[in-house]
Amino acid sequence: MKIWEDGENEPLSWNLQKIDNSVENGSALLIAHHMDVTFGDVVVAPLNNLTPPVISDVQVSASDTDATISWATDEPATSTVAYGISDAYEAGTIVSDSLVTSHSITLNNLTPGTLYHFQISSTDSESSTANSADLTFTTSGGQDLSGIVSDDFSSTQLDTTIWSFVDPVGDGAFTLTGTQLELMVPAGTNHDVWTAGNRSVRIMQPALDENLEIEVKFESEPTQAFQMQGILIEQDPNNFLRVDFASDGITLKLFAARFVGGVPTTIMNHNIAYGTNYLRLTRQGDEWTLQYSNNGVNWISAGSFTHELVVSAVGVFAGNAGSNPAYTSVIDYFFNTASPIALEDEGSP
């Protein structure tokens, strides 16, 4: 505290100060007793704040060659974005040292139609730093050669010029409601995608062996062990990829596996939050990146892996295993992100 007589200069040193590291909470009470006193602005600030800022509301607006990344922090902090075509962020780092709570960084000279990884960092005035997870976005543009056709299932009939229904066990079914596709597997029979091969109920469409990005919105969620729904990328019946949401009865899993000569190998098996219903898979050459979201706007990267595959077909599947509970996977749309359906469920591309 500093005290000085009216009309005099403010003293350089403190008149009263106390340091007590044992105090965890309390209050400041200023009382003028038999004095005519004016109290100026009172500021209470922690010393040596070791709590990093909290990063929230991350948004990305991407064009062909530019992307603006914005976010918020709960206290004034700097703005830093590291980015690149992998999680090594080899393209560099953009930094703004201004202490703000609303942040925005623009990345320029990007490549059209390319998946980028980025990480956000914000440092407060006490040098405490918060870092985001590895996040991704894809620039627009670029030439799509995959031949994959988007479908929002806005009909009551499956478009057989696009899709083929596959039911290897012989007891599955599908239906279209006019806005959704439903893939159904009954209870008591195994429809797993594992060592016995691909026994799932699915729809598949032909694709060319090119770069691709597929996004699927599910409106169902596996909750029993072991219900599953996801994306298939196929070379042939013995060589393919599965990426999917599956439940062990307690936790929702993001699962991926490769099949080479019919032999499966787990690539990733992550616990994720229930309520996650968007799945996105990107291929650039032999590098594959898996992302997921609970709103279709903010995407979380589950990681990348390398796998050589001559793609011939892609699709979406439903399955079960273990005690084989019945499951109905509800799919709102299956999009080639290079050519999505803008007016979804309105019948217009």
For residues 262-271, which side-chain N or O atoms pair as donor and acceptor with protein atoms under 3.5 Å away, sequence neighbours left out?
from : atom 1 : to   : atom 2 : distance (Å)
H270 : NE2    : A302 : O      : 3.4
N271 : OD1    : K253 : NZ     : 2.5

Let's go through V81 and L107 carefully: what are the C-alpha distance in whole Å and the side-chain angles of both, what is the deciding distance for side-chain contact (heavy atoms from CB on, under 4.5 Å) to 0.1 Å, and is it a yes or a no? CA-CA 9 Å; V81 173; L107 310 178; 4.3 Å; yes
Spacing of CG belonging to D66 relative to CG belonging to D64, to within rounding of 0.5 Å: 9.0 Å
So, Y274 and S247: side-chain donor and acceptor under 3.5 Å apart, yes or no? yes
Do N190 and N320 meet the criterion of a side-chain donor-acceptor pair at a distance under 3.5 Å? no
Do H103 and W71 make the cut of ring centroids closer than 6.0 angstrom? yes
Measure from the side-chain N and O atoms of Q227 to the backbone N and O of Q224, and report whether any donor-acceptor pair falls under 3.5 Å. yes
Please, which pairs that meet salt bridge (Lys or Arg N to Asp or Glu O under 4.0 Å) have at least one residue in residues 91-107, sequence neighbours excluded? none
Under a 3.5 Å distance rule, please check whether S200 uses its side chain to pair with a backbone N or O of H191 as donor and acceptor. no
Mind checking whether M35 and L29 sit in one hydrophobic cluster, side chains of I, L, V, M, F, W, Y counted as touching below 4.5 Å? no
Please find the pair of heavy atoms, one from D134 and one from D87, that lie closest to each other, and give the distance. OD1-CB, 3.7 Å
Is there a side-chain contact between L232 and L241 in this structure, where contact means two heavy atoms from C-beta onward sitting under 4.5 Å apart? no
Looking at side-chain heavy atoms only, is the closest gap between I233 and W288 below 4.5 Å? yes
Which of these passes side-chain contact (heavy atoms from CB on, under 4.5 Å) with M184: T175, D171, V201? T175
If we only count heavy atoms from C-beta on, is the Q291 to L115 side-chain gap below 4.5 Å? yes
In residues 216-223, what donor-acceptor pairs under 3.5 Å come from side-chain atoms, sequence neighbours left out?
from : atom 1 : to   : atom 2 : distance (Å)
K217 : NZ     : E219 : OE2    : 3.4
E219 : OE1    : Q180 : NE2    : 2.3
S220 : OG     : Q229 : OE1    : 2.7
S220 : OG     : Y327 : OH     : 3.3
S220 : OG     : V330 : N      : 2.8
E221 : OE2    : G275 : N      : 2.4

Could you tell me the separation between the CG atom of N277 and the CG atom of N295, rounded to the nearest 0.5 Å? 9.0 Å
Test item: Y83 and Q119 side chains (from C-beta on) under 4.5 Å apart, heavy atoms: no
Between T106 and N108, what is the shortest heavy-atom contact and its length? CG2-ND2, 3.6 Å
Those residues that, when tested against F118, pass ring-ring contact (aromatic ring centres under 6.0 Å, His included) (two or more places apart): F137
If you look at every heavy atom in R242 and D244, which pair is closest and at what distance? NE-OD1, 2.8 Å
In Å, rounded to the nearest 0.5 Å, how long is the span from OG1 of T80 to CD1 of I94? 9.5 Å
I need the full list of salt bridge (Lys or Arg N to Asp or Glu O under 4.0 Å) pairs touching residues 259-280, with sequence neighbours left out, sorted by first then second residue. E215-R280
For residues 26-43, pull every pair meeting side-chain hydrogen bond (donor to acceptor under 3.5 Å, both in side chains), keeping only residues two or more places apart or in separate chains. none
Between E213 (side chain only) and T337 (backbone N and O only), is there a donor and an acceptor less than 3.5 Å apart? no
Scan side-chain atoms only and decide if E75 and T101 contain a donor-acceptor pair under the 3.5 Å cut-off. no
Under a 3.5 Å distance rule, please check whether S98 uses its side chain to pair with a backbone N or O of V100 as donor and acceptor. no
Which residues pass the ring-ring contact (aromatic ring centres under 6.0 Å, His included) test with F226, sequence neighbours left out? none
With no hydrogens and no angle check, do the side chains of S304 and T289 hold a donor and an acceptor under 3.5 Å apart? yes
Under 4.5 Å between any side-chain heavy atoms of F174 and L158, yes or no? yes
If you define the side chain from C-beta out and look only at heavy atoms, does anything of L254 sit under 4.5 Å from F245? yes
Test side-chain hydrogen bond (donor to acceptor under 3.5 Å, both in side chains) applied to T129 and T123, step by step: CA-CA 4 Å; T129 300; T123 302; 2.7 Å; yes
Evaluate side-chain contact (heavy atoms from CB on, under 4.5 Å) for D124 paired with L99, printing each intermediate quantity in order. CA-CA 7 Å; D124 64 18; L99 297 177; 5.9 Å; no
Could you note down all residue pairs passing salt bridge (Lys or Arg N to Asp or Glu O under 4.0 Å) where residues 5-14 supplies at least one of them, sequence neighbours left out? K2-E10
Hey, could you give me the OG1/CD1 distance between T179 and I331, rounded to the nearest 0.5 Å? 12.0 Å
ring-ring contact (aromatic ring centres under 6.0 Å, His included) involving Y89 - partner list, sequence neighbours excluded: none
Partner set under ring-ring contact (aromatic ring centres under 6.0 Å, His included) for Y292, not counting sequence neighbours: none
If I take atom CD1 from residue I214 and atom CG from residue L279, how far apart are they, to the nearest 0.5 angstrom? 9.5 Å
Atom of Y116, atom of T111 and distance for their closest heavy-atom approach: OH-N, 2.8 Å
Exercise: identify the closest heavy-atom pair between P53 and S128: CD-O, 3.4 Å
How many angstroms lie between atom CG of N131 and atom OG of S122, to the nearest 0.5 angstrom? 9.0 Å
Give a yes or no on whether the backbone of I120 and the side-chain of S132 come within a donor-acceptor separation of less than 3.5 Å. yes
For residues 198-209, pull every pair meeting salt bridge (Lys or Arg N to Asp or Glu O under 4.0 Å), keeping only residues two or more places apart or in separate chains. D209-R283
So, T189 and N324: side-chain donor and acceptor under 3.5 Å apart, yes or no? no
Should the pair F259 and F240 be assigned to parallel (<30°), tilted (30 to 60°) or perpendicular (>60°) ring geometry? parallel
Under the criterion side-chain contact (heavy atoms from CB on, under 4.5 Å), which of I85, L135, T136 is the partner of H117? T136
Is T65 close to P112 at the side-chain level, that is, under 4.5 Å between some pair of heavy atoms? yes
If I compare all heavy atoms of S155 with all of Q157, which pair ends up nearest, and what's the gap? OG-N, 3.1 Å
With a 4.5 Å heavy-atom cut-off, do D144 and N336 have their side chains touching? yes
Tell me, please, which residues at least two apart from Q205 pass side-chain contact (heavy atoms from CB on, under 4.5 Å). I148, V149, I162, W163, V314, F334
